[in-house]
K.L.:
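Let me give you the structure first, and then I'll get to my questions.
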Amino acid sequence: MNLHEYQARKLFHERGIPAPPGPAAGSVREALAHAAQLGGDSWVVKAQVHAGGRGKAGGVKRVQGMAELERCVRDMLGTRLVTRQSGPVGQPVHCVAIQSTEEIQRELYLGMLVDRGRRRVTVVASASGGMDIEEVAATNPDAIHTIAIHPVVGLQPWQGRALGFALELDATQRRQLVDILQRMYGLFLDRDLGLIEINPLIVDGAGQLSALDAKINIDDNALFRQSELAEWRDPAQEDERENRAKRFDLNYVALDGDIGCMVNGAGLAMATMDIIQLHGGRPANFLDVGGGATAERVAEAFRIITGDSHVRSILVNIFGGIVRCDLIAEGIIQAVRDLQSVPPVVARLEGTKVEEGRRMLEDSGLNITAALDLTDAAQKAIAAAAVQ
């Protein structure tokens, strides 16, 4: 689960990580009030969306005076911001953060994430802050510095000092960096985070380190023990179909193809998408109904898939180990009958009661084609999509 920048900043302040205030405003009136409270006559308006690259997309703007601030906030609120990470539809802008302008001597990058290859929480830093870290890694990999944190001994002060030397910080700034890293690591563990990113971490006009930006991602699997943070979820920043799928314990991710996929098991779902791609098709989604799929969940999965207007055919790939294939067939038939408009369905069933399930599909009289194996199913689904 992603947090907005202003929410991440709250966690920084709770932990004592230095960061300038950046209150959120959902209206022009709120924005003007925040600016008056911050003082000065120059501010930065930052669109609050769950996507990187806001600055290049016009989502971060410096304004001078209250009149320009009012115009900028009015122009941002209610729009959709399209960035390199948002996709072509963009993300809705329902609130903005207001920050005072800062004098910046240097911009650094500082992040903390789980490195699954090393099985360690890892610090990533670079002296090239304020730009895409992926671009830095691709064009100048030597500018990227990493620290793998041992899970037993934790983050050691000497590691922070070594990183400070690598970033060419002075003695005072190195001490600040060690302190910031310790506080970040405590936050990372206590709040079950998957990512903390500060880009940029600046050296301000007084020579002090400060987090000018804040990005935090929380491990969804740990939200049951992070109830306070779970309430910070912003459904408006997420695909409505994905939100609906969560309510029914379905794992759904929207893609940009035209062949809807409904599969039980994440590995089988990945294999299904791969074989569609292999034969020249494009999957429209990842949808795992789980090993204990029921007729009701299958019916709901169909409603979610058909909610995508780009879907031209649907491939159902179910292995009946825990669940019986005849019950899955019942769910497929019921869903196709209940929905007003359903594209052609190709179903590949294997496992318990498979013959009964296939027979039910064939006798239904609906636009459902049974397939003998996964290759056959993929080819039939691609062919069906091509003629729609």
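As a basis for the values below, the full set of heavy atoms in this structure was taken, side chains included, without hydrogen atoms, waters or symmetry mates. Small disclaimer: the values here were computed from a predicted structure and weren't measured.
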K.L.:
Taking side-chain hydrogen bond (donor to acceptor under 3.5 Å, both in side chains) as the cut-off, I'd like each qualifying pair that reaches into residues 100-115, sequence neighbours left out, listed once.
P.N.:
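Pairs touching residues 100-115 that pass the test: Y109-E197.
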K.L.:
Minimum heavy-atom separation for P21 and L38, please, with both atom names.
P.N.:
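Heavy atoms of P21 and L38 come nearest at CG-CD2, 3.8 Å.
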K.L.:
Would you call E68 and R62 a salt bridge, taking side-chain N to carboxylate O under 4.0 Å as the test?
P.N.:
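R62 and E68: not salt-bridged.
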K.L.:
Taking only Lys NZ, Arg NE, NH1 and NH2, and the carboxylate oxygens of Asp or Glu, determine whether D220 and K246 approach each other closer than 4.0 Å.
P.N.:
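Salt bridge: no.
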K.L.:
Which pair of heavy atoms, one from V136 and one from I144, lies closest together, and at what distance?
P.N.:
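Result for this residue pair: CG1-CD1, 3.7 Å.
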K.L.:
Can you give me the closest heavy-atom contact between Q277 and R282, atom names plus distance?
P.N.:
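The answer is OE1-CA, 4.3 Å.
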K.L.:
Check the pair D204, S210 against side-chain hydrogen bond (donor to acceptor under 3.5 Å, both in side chains), reporting the backbone distance first and the verdict last.
P.N.:
CA-CA 7 Å; D204 65 19; S210 179; 5.4 Å; no
K.L.:
Please check if any side-chain donor atom of D234 sits under 3.5 Å from a side-chain acceptor atom of H4, or the reverse.
P.N.:
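Present: a donor and an acceptor within the cut-off.
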K.L.:
Just by distance, do the side chain of Q91 and the backbone of Q237 share a donor-acceptor pair under 3.5 Å?
P.N.:
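Side chain of Q91 to backbone of Q237, a donor-acceptor pair under 3.5 Å: yes, one is there.
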K.L.:
Please check this pair: side chain of S313 against backbone of A381, looking for a donor-acceptor N/O pair closer than 3.5 Å.
P.N.:
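Checked: pair present.
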K.L.:
How long is the span from the CG atom in L372 to the CD atom in E350, to the nearest 0.5 Å?
P.N.:
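Reported to 0.5 Å precision, the distance equals 8.5 Å.
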K.L.:
Determine whether a donor-acceptor pair (N or O, by modelled atom type, separation under 3.5 Å) exists between the side chain of N264 and the backbone of F319.
P.N.:
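Pair found, side chain donor or acceptor close to backbone of F319.
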K.L.:
Just by modelled atom types, is the L287 backbone N or O under 3.5 Å from a matching donor or acceptor in the N251 side chain?
P.N.:
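Such a contact is absent between N251 side chain and L287 backbone.
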K.L.:
Which pair of heavy atoms, one from Q48 and one from A97, lies closest together, and at what distance?
P.N.:
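Nearest heavy atoms, Q48 then A97: NE2-CB, 3.5 Å.
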K.L.:
Please name the pair of heavy atoms, one in V96 and one in M76, separated by the smallest distance, quoted to 0.1 Å.
P.N.:
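Closest heavy-atom pair between V96 and M76: CG1-SD, 4.0 Å.
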K.L.:
Looking at D75 and K61, does any basic side-chain N land under 4.0 Å from a carboxylate oxygen?
P.N.:
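No, D75 and K61 are not salt-bridged.
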K.L.:
Any side-chain heavy-atom pair from L181 and Q159 closer than 4.5 angstrom?
P.N.:
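Side-chain contact under 4.5 Å: no.
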K.L.:
Salt bridge or not for E14 and R191, using N-O below 4.0 Å?
P.N.:
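Salt bridge: yes.
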K.L.:
Between R15 (side chain) and R183 (backbone), is there a donor-acceptor pair under 3.5 Å?
P.N.:
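Checking the backbone N and O of R183 against the side chain of R15, no donor-acceptor pair under 3.5 Å is found.
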K.L.:
What pair of heavy atoms forms the shortest contact from W232 to M1, and how long is it?
P.N.:
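Scanning both residues completely, I find the closest heavy atoms to be C-CE, 4.4 Å.
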K.L.:
Is E362 salt-bridged to R359, cutoff N-O under 4.0 Å?
P.N.:
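Salt bridge flag = no for R359 with E362.
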K.L.:
If hydrophobic clusters are built by linking Ile, Leu, Val, Met, Phe, Trp and Tyr wherever their side-chain heavy atoms come under 4.5 Å apart, do V178 and L201 end up in the same one?
P.N.:
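As far as the 4.5 Å side-chain criterion goes, L201 and V178 are not connected within one cluster.
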